[in-house]
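To keep things clear, I will list the structure first and then write my remarks on it.
FYI, side chains are in, hydrogens and waters are out, and symmetry mates aren't considered; it's all heavy atoms of this structure.
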Amino acid sequence: AYQYWVLFAREVGNRRLSRMLSSLSLQTLRYSKLGVASKERRKRSLKGWREALHAVAQGDADRFIELTSRLMRESYWSSRSRIFATAAGG
């Protein structure tokens with residue numbers, strides 16, 4: 001997704017918007033990496049994405065939405081926990 005946004009930002013034709021999109025894509029990449037920083041979290045994320053792909057293959061859009069929403073929430077909370085732990089000196 002990061003590479004897509006960088007390419008999109010380059011082609012947008014508006015220098016300010018391009019910089020904003022590039023900045024946002026870098027920030028998203030950092031938080032994505034932070035969200036799967038632990039080995040346990042990466043395993044859980046991989047399992048979830050495999051389940052989501054299976055839902056797509058089965059044509060189950062509701063299940064796909066449920067799974068990807070859960071994955072995004074878990075990534076958010078994992079990132080948030082790491083940020084606050086770092087800020088607290090832990």
Side-chain angles (χ1 to χ4, degrees):
Y2 164 74
Q3 291 174 336
Y4 168 79
W5 282 109
V6 168
L7 290 173
F8 180 75
R10 288 180 187 158
E11 298 299 321
V12 76
N14 178 317
R15 192 172 259 206
R16 183 171 184 217
L17 181 57
S18 178
R19 284 193 305 266
M20 289 170 59
L21 288 171
S22 292
S23 177
L24 181 60
S25 64
L26 282 171
Q27 184 176 359
T28 302
L29 179 62
R30 283 192 295 270
Y31 285 120
S32 295
K33 287 182 177 183
L34 192 58
V36 291
S38 73
K39 187 174 184 176
E40 174 61 32
R41 181 69 191 99
R42 285 190 300 276
K43 285 182 179 180
R44 204 167 51 247
S45 181
L46 180 59
K47 182 179 183 287
W49 283 109
R50 284 182 175 153
E51 290 174 8
L53 287 174
H54 181 72
V56 168
Q58 298 298 310
D60 190 345
D62 291 335
R63 178 77 174 138
F64 175 78
I65 292 169
E66 173 190 332
L67 290 165
T68 55
S69 296
R70 186 191 78 210
L71 286 162
M72 287 186 277
R73 278 192 308 276
E74 287 177 0
S75 184
Y76 165 77
W77 286 109
S78 178
S79 298
R80 187 177 188 276
S81 296
R82 287 188 168 273
I83 290 167
F84 283 110
T86 301

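The shortest heavy-atom contact between R41 and G35 is CG-O, 2.8 Å. Across F64 and A55, no two heavy atoms sit closer than the pair N-CB, 3.8 Å.
With rounding to the nearest 0.5 angstrom, the CG atom of L29 is 11.5 Å from the CG atom of L24. For the atom pair NZ (K33) and OG (S75), the distance works out to 13.0 Å, reported to the nearest 0.5 Å. Here the CZ-CG distance, from R80 to L34, works out to 12.5 Å after rounding to the nearest 0.5 Å. The CG atom of L71 sits 10.0 Å away from atom NZ of K47, with the distance rounded to the nearest 0.5 Å. With rounding to the nearest 0.5 Å, the separation of NZ in K43 from NZ in K39 is 5.0 Å. Atoms CZ and CZ, on R44 and R42 in that order, are 11.5 Å from each other to the nearest 0.5 Å.
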(message) side-chain contact (heavy atoms from CB on, under 4.5 Å), that's the test. Do R30 and S79 meet it? Break it down for me.
(response) CA-CA 9 Å; R30 283 192 295 270; S79 298; over 6 Å; no
(request) Decide yes or no on side-chain contact (heavy atoms from CB on, under 4.5 Å) for L67 and W49, but give the supporting numbers first. (result) CA-CA 8 Å; L67 290 165; W49 283 109; over 6 Å; no
(request) Evaluate salt bridge (Lys or Arg N to Asp or Glu O under 4.0 Å) for R70 paired with E66, printing each intermediate quantity in order. (result) CA-CA 6 Å; R70 186 191 78 210; E66 173 190 332; 5.8 Å; no
(request) Carefully, step by step, assess H54 and R63 under the rule side-chain contact (heavy atoms from CB on, under 4.5 Å). (result) CA-CA 9 Å; H54 181 72; R63 178 77 174 138; over 6 Å; no
(request) Would you please test Y31 and I83 for side-chain contact (heavy atoms from CB on, under 4.5 Å) and show each step? (result) CA-CA 10 Å; Y31 285 120; I83 290 167; 3.1 Å; yes
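Here the side chain of S25 pairs a donor or acceptor atom with the backbone of L21 at under 3.5 angstrom. Distance alone, capped at 3.5 Å, is enough to place a donor-acceptor pair between the S22 side chain and the S18 backbone.
Within a 6.0 Å radius of CZ in R50, no more than 12 heavy atoms belonging to other residues, nucleotides or ligands are found.
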